[in-house]
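Report on one structure; see the data block that follows.
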Amino acid sequence: MDVFEFRSLEQLSSASDWVIKKAGEKKIVAFYGEMGAGKTTLIKGICKQMGCTSNVTSPTFAIINEYSLDSNNSVFHFDFYRLQNFQELLDIGFEEYLFSGNYCFIEWPEISEPLLPENTLKIRIESQVDSKRILSVIV
């Protein structure tokens, strides 16, 4: 299993670099983990490492946030925690975002799995009692 462990926010840039390296050419990354595991914080770190020029915030209520990159590309940040059914996913035009050629970072992706391309990078974030976070690639 491919794993990265970190214990503090000071190590967030290393964790972000690890995810970016794992993604390679993949632009769709799904983040799995319990509430408070650090999904949004990790995505903030990844966006920063990628040169994001926008303020990265949780899209819990908005469902989707769009951030600008220095390269004139976008990052679409989804949070599907509040979605009740698959139709709501279709109603926001999720498929259009997936195939836009831009980065898509998805929190709580379970409801979207039937639409995720085969080459989606899936990352699990686990929070340990000693403040350690464990990132692993789901195969």
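All values derive from a computational prediction rather than experimental measurement.
- Between F6 and S14, every side-chain heavy-atom pair lies at or beyond the 4.5 Å cut-off.
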L42 vs L12, side-chain contact (heavy atoms from CB on, under 4.5 Å): CA-CA, chis, key distance, verdict: CA-CA 7 Å; L42 181 59; L12 183 60; 4.0 Å; yes
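- Linking Ile, Leu, Val, Met, Phe, Trp and Tyr whenever their side-chain heavy atoms come within less than 4.5 Å leaves I92 and V75 in two separate clusters.
- Ring centroid separation for the pair F78 and Y97 comes in under the 6.0 Å cut-off.
- E107 and T40 form a side-chain donor-acceptor contact under 3.5 Å, judged by distance and modelled atom types alone.
- In this structure, the separation between OG on S13 and CD on Q49 is 5.0 Å, given to the nearest 0.5 Å.
- Here the options are F31, Y67, F105, the test is ring pair (Phe, Tyr, Trp, His ring centres under 6.0 Å), and the partner is H77; only Y67 passes.
- Residues L135 and V19 are in side-chain contact: their nearest non-hydrogen atoms beyond the backbone lie under 4.5 Å apart.
- Annotation: the span from E126 atom CD to R133 atom CZ amounts to 11.0 Å, rounded to 0.5 Å.
- A donor-acceptor distance shorter than 3.5 angstrom exists from the side chain of K39 to the backbone of G33, with no hydrogens or angles considered.
- The environment of Q128 atom CD is dense: over 12 non-hydrogen atoms of other residues, nucleotides or ligands sit within 6.0 angstrom.
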Test log, rule side-chain contact (heavy atoms from CB on, under 4.5 Å), inputs E95 and L90: CA-CA 7 Å; E95 289 175 295; L90 298 176; 3.9 Å; yes
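- No side-chain donor-acceptor contact under 3.5 Å links D79 to the backbone of S58.
- Judged by distance alone, with hydrogens and angles left aside, the side-chain atoms of T41 form no donor-acceptor pair with the main-chain N or O of G38 at under 3.5 Å.
- Around NZ of K132, the count of heavy atoms belonging to other residues, nucleotides or ligands within 6.0 Å exceeds 12.
- Residues I106 and I20 are members of separate hydrophobic clusters, defined by side-chain heavy-atom contacts under 4.5 angstrom among Ile, Leu, Val, Met, Phe, Trp and Tyr.
- Side-chain contact check for L115 versus L98: some heavy-atom pair is nearer than 4.5 Å.
- Interatomic distance, L121 CG to K22 NZ, rounded to the nearest 0.5 Å: 9.0 Å.
- Between G101 and K27 the shortest heavy-atom distance is O-NZ, 2.9 Å.
- Taking CD from Q87 and CG from D91, the interatomic distance works out to 4.5 Å, rounded to the nearest 0.5 Å.
- No donor-acceptor pair closer than 3.5 Å links the side chain of S68 to the backbone N or O of S54.
- Side-chain N/O atoms of S136 and R124 include no donor and acceptor closer than 3.5 Å.
- The side-chain heavy atoms of F94 and C104, taken from C-beta on, include no pair separated by under 4.5 Å.
- Annotation: side chain of E5 is in contact with side chain of V3 (closest heavy-atom distance under 4.5 Å).
- Inter-residue side-chain proximity for Y32 and W108 is flagged as unmet; no heavy-atom pair is nearer than 4.5 Å.
- V29 and F99 are assigned to two separate hydrophobic clusters, defined by single-linkage of ILVMFWY side chains at heavy-atom distances under 4.5 Å.
- In terms of hydrophobic clustering, with Ile, Leu, Val, Met, Phe, Trp and Tyr side chains grouped at heavy-atom distances under 4.5 Å, V56 and I64 are assigned to different clusters.
- In this structure, the side chains of I63 and L83 come closer than 4.5 Å at one or more pairs of heavy atoms.
- The shortest non-hydrogen separation linking S16 to G45 is OG-C, 3.1 Å.
- Distance CD1/I123 to CD1/I46: 7.5 Å, rounded to 0.5 Å.
- Interatomic distance, SG of C52 versus CG of N73, reported as 11.5 Å (0.5 Å rounding).
- Both I111 and F76 are assigned to one and the same hydrophobic cluster, defined by single-linkage of ILVMFWY side chains at heavy-atom distances under 4.5 Å.
- No donor-acceptor pair closer than 3.5 Å links the side chain of T120 to the backbone N or O of L116.
- At a threshold of 4.5 Å between non-hydrogen side-chain atoms, the residues L69 and Y103 count as touching.
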